[in-house]
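Numbers here are sequence positions counted from 1. What you see is a predicted model, and the numbers here were worked out from it, not measured in a lab. The basis for the numbers below is simple: all heavy atoms, side chains too, and nothing from hydrogens, waters or symmetry mates.
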Amino acid sequence: MSLAEPVVVDNLENSQAETPLSLQRALTFTSMFEMRVTLSAQRPAAREGLVRLTFHELNQRANALARFLVAQGAGPGDRVALALGRSVDLLVAMLAVVKAGAAYVPLDPMHPPQRTAFILEDSDATLILLEPRGFGELPPGGRPVVDLGDEAVRADLSMRPVHDLIDRDRVRPLRPDDPVYLIYTSGSTGQPKGVVIEHRSLVAYLRRGLTSYAGLRGRCLWHSTLAFDATVTTVHGSLVSGGELHIGDLDGCCGVEHPQEDITFIKITPSHLPLFADITDPPWPTVELMFGGELLRIEAARQAALAGATLIHHYGPTETTVGCIDLRIPAVEELGDGPVPIGRPMPGVTVYVLDQGLKPVAEGVAGELYVSGAQVARGYWRQPELTAARFLDCPFEPGERMYRTGDLVRRRPDGLIEFIGRADDQVKIRGLRVEPAEIETAVLACPGVRSAAVLAHSSPDHSSRLVAYLVVDEGTTWAGVRALLREKLPAHMVPSQAIMLRSLPLTVNGKTDRAVLQALDVLEPAPEDATAPPTPEAQNDRSADAPGPDEERERLREMFATILNLPTIGPDEDFFDIGGDSLLGLRLLARVRAVFGMKIAARKFLDEPTVSGMARLLWPGPGGGTQNSVPTGAVKLTKGGSL
């Protein structure tokens, strides 16, 4: 690891000894961060391209904005929505909100406007902080919006005091049980549900990072949306540990001026690993690689272990503040086959493996996992009945609550916990929680749909994809239904395929027989599917219309088919209509960059997600070159070489 810049990861094997007691004793995230600023004022805290802020500079900018927010009436008990893309400005805005005492509500710029509108309405945000260049347009609504790029706002901020706020500067004193963020996850009622996380819970979680995740004190890659709570490990963990956040992407994460080998900590889902295989120079961290969001299998662990960093398996529902169980993976050859255990409870966390009567089960016997301790969330925002059903009084610890995870696990003789499956229909898609019932509600709201069921199917690489089973009126097509779903649901919740049926199979109790649906062959659309793609022969007949040399165009078509695990595809088939998703799209762009030496802008690919569209971006005319593709200048091309 290069130490040319003043970011040092000291005594990596003794993180706890190097953590000041003041940080471990902090009661709020605000005080924890401000203690870190005092300890590391001149160390770099964040980098975005050529923009770099020290902890002192970051703190001053956040303080000025926090005072602005207080002047607008925001304080403890309020919620402020963050409508910014991943950037230094988002970091400043998030810190400003919590310094003012309010809770931040992260919005994802990739979510459809209807979902964003629901979150803004449901959260009852006091105001919205907006950076249009990184977020785009907000859905219409009557809530106050502060455009952080507005000259008048910038002028106002430049006149604000920049020292830390104290309680008399706020609307009221900030307490450890005040909410620090409100984050939305998929909900079984047909709408997303908000999870309220308090300062004390976040502080309890971050103590684990301070004492156990040494890589957070180095250079940490922030590559995913703040609306995905797994990002808290990297962003908040780095901020209190004294590390430097590098804001970038997994593909070319830090740019040529910041060598990727300097990255010390990355958190990804196991679904990200195939992307690493397609990147020319993958950003393997030098200290710790953390997996979270979905089950890690031993095959993936073996692949990742080759990079040399320590592997960490990290488990936890959003309701237990990001993570509550973890495992520093020993030598992978000692793990055996199958899934990797999720680990042991973190300090301050108590877990129970219980039967349906809330009685402990024996070692090795499957039971449902319950979690208690300071990391358990306050509950669901404005959903008291759901909160009461999932957050229970703990029968083993008077005065404590425990969260019912819905995960089935068993405890091994060595104390490690193994994940078995779900007690309900909830699934994980690329690390993100999905309630099929929410998707089914959205599908049933589409005109012409009479019945619907949504299930997750496992691919050969152990990733999951959603398949919709539909009974529709004559003339209703999957293409039309899917278009409506894209207006309501995030991309990862839109099924990648639909099977049209005359009726859904039922159990003897009159419920949808999901076992029968699961057994259907999802590789071949049912004859009733009016939107079945044209035959490969018909598509091949049209391939001559696409631009680009014949040999290179054929290689491009093979890339699409390989990524999608299909024998072949036509030049005009939509990548996302035949099984593609955002992660597969990133893998495709990385492979195109490696083979053809051209970097395609992701948004341009989204506009034309077909072989023909990609060909037009790569080969727009004689001589090539286009504003949408950039020669990397670092890829050696070999004619006829492998993909």
Side-chain angles (χ1 to χ4, degrees), residues 15 19-20 23-24 26-37 39-40 43-47 53 55 58-59 62 66 80 82 84 86-106 174 176 178-183 195-247 264-268 288 290 292-293 312 314 316 318-324 326 346 348 374-375 377:
S15 295
T19 303
L23 279 169
Q24 296 189 50
L27 298 179
T28 65
F29 171 66
T30 303
S31 61
M32 188 179 252
F33 171 69
E34 290 171 354
M35 289 175 188
R36 171 51 65 189
V37 173
L39 293 167
S40 308
R43 290 185 66 172
R47 183 193 291 270
L53 295 180
F55 275 90
L58 177 61
N59 192 51
V80 176
L82 303 179
L84 301 90
R86 194 161 29 94
S87 61
V88 166
D89 287 339
L90 174 55
L91 198 61
V92 170
M94 182 271 289
L95 288 169
V97 172
V98 299
K99 280 172 169 283
Y104 69 87
V105 183
L174 176 63
D178 280 321
V180 60
Y181 63 81
L182 172 61
I183 197 163
V195 180
V196 182
I197 300 297
E198 299 173 345
H199 277 266
R200 65 183 183 90
S201 299
L202 179 57
V203 166
Y205 172 70
L206 292 176
R207 289 193 186 111
R208 179 62 168 174
L210 280 170
T211 59
S212 301
Y213 307 149
L216 289 172
R217 290 189 281 123
R219 297 177 174 91
C220 311
L221 178 61
W222 176 13
H223 63 87
S224 58
T225 172
L226 197 62
F228 182 23
D229 74 315
T231 302
V232 168
T233 309
T234 301
V235 175
H236 301 65
S238 176
L239 288 173
V240 302
S241 299
E244 181 181 23
L245 277 172
H246 284 242
I247 304 170
T264 60
F265 183 93
I266 294 180
K267 184 177 182 181
I268 60 174
E288 289 163 333
M290 178 179 285
I312 300 173
H314 188 272
T318 300
E319 292 86 347
T320 63
T321 314
V322 188
C324 57
D326 63 0
M346 297 177 181
Q375 290 180 214

Using side chain to side chain contact (heavy atoms under 4.5 Å, CB included), reason through I268 and M290 one step at a time and then give a plain yes or no. CA-CA 6 Å; I268 60 174; M290 178 179 285; over 6 Å; no

Is it true that E34 and K99 make a salt bridge, defined as a side-chain N closer than 4.0 Å to a carboxylate O? yes

Look only at the side chain of T225 and the backbone of A227, and say whether a donor-acceptor pair between them is shorter than 3.5 Å. yes

Donor-acceptor contact present, side-chain S238 to main-chain V235, <3.5 Å: no

Under a 3.5 Å cutoff, is there a donor and acceptor pairing between the side chains of S31 and T28? yes

Would you say R207's side chain and A26's backbone share a donor-acceptor pair under 3.5 angstrom? yes

How long is the straight-line distance from CG of L210 back to CG of L23, given to the nearest 0.5 Å? 5.5 Å

Is the closest side-chain donor-acceptor distance between T234 and K267 under 3.5 Å? no

Under 3.5 Å, is there a donor-acceptor pair between the side chain of S201 and the main chain of I197? no

Mind checking what makes ring-ring contact (aromatic ring centres under 6.0 Å, His included) contact with Y181, not counting sequence neighbours? Y104

Gap separating the CD atom of E319 from the CD atom of Q375, nearest 0.5 angstrom: 13.0 Å

Could you work out, with ring-ring contact (aromatic ring centres under 6.0 Å, His included) as the rule, every residue matching F29, not counting sequence neighbours? H236

T321 side chain to L202 backbone, donor-acceptor under 3.5 Å: no

Can you tell me how far apart CE (M35) and OG (S40) are? Round to the nearest 0.5 Å. 13.0 Å

Is R86 reaching over with its side chain to a backbone N or O of W222, donor-acceptor style, under 3.5 angstrom? yes

Give, for atom OG1 of T233 and atom CZ of F265, the distance between the pair rounded to the nearest 0.5 Å. 6.0 Å

Test your reading of the model: is there a side-chain donor-acceptor pair from T320 to the backbone of G316, 3.5 Å cut-off? no

Working note: V203 + L27, criterion side chain to side chain contact (heavy atoms under 4.5 Å, CB included); need CA distance, chi angles, decisive distance, verdict. CA-CA 7 Å; V203 166; L27 298 179; over 6 Å; no

E198 side-chain N/O to D178 backbone N/O, donor-acceptor pair under 3.5 Å: no

Can you tell whether the side chains of E244 and R47 come within less than 4.0 Å, N to carboxylate O? yes

In this structure, CG of L226 is separated from CD1 of I183 (nearest 0.5 Å) by 7.0 Å

Interatomic distance, SG@C220 vs CD1@I266, rounded to 0.5 Å, equals 9.5 Å

Ring centres under 6.0 Å, that's the criterion: do H314 and Y205 meet it? yes

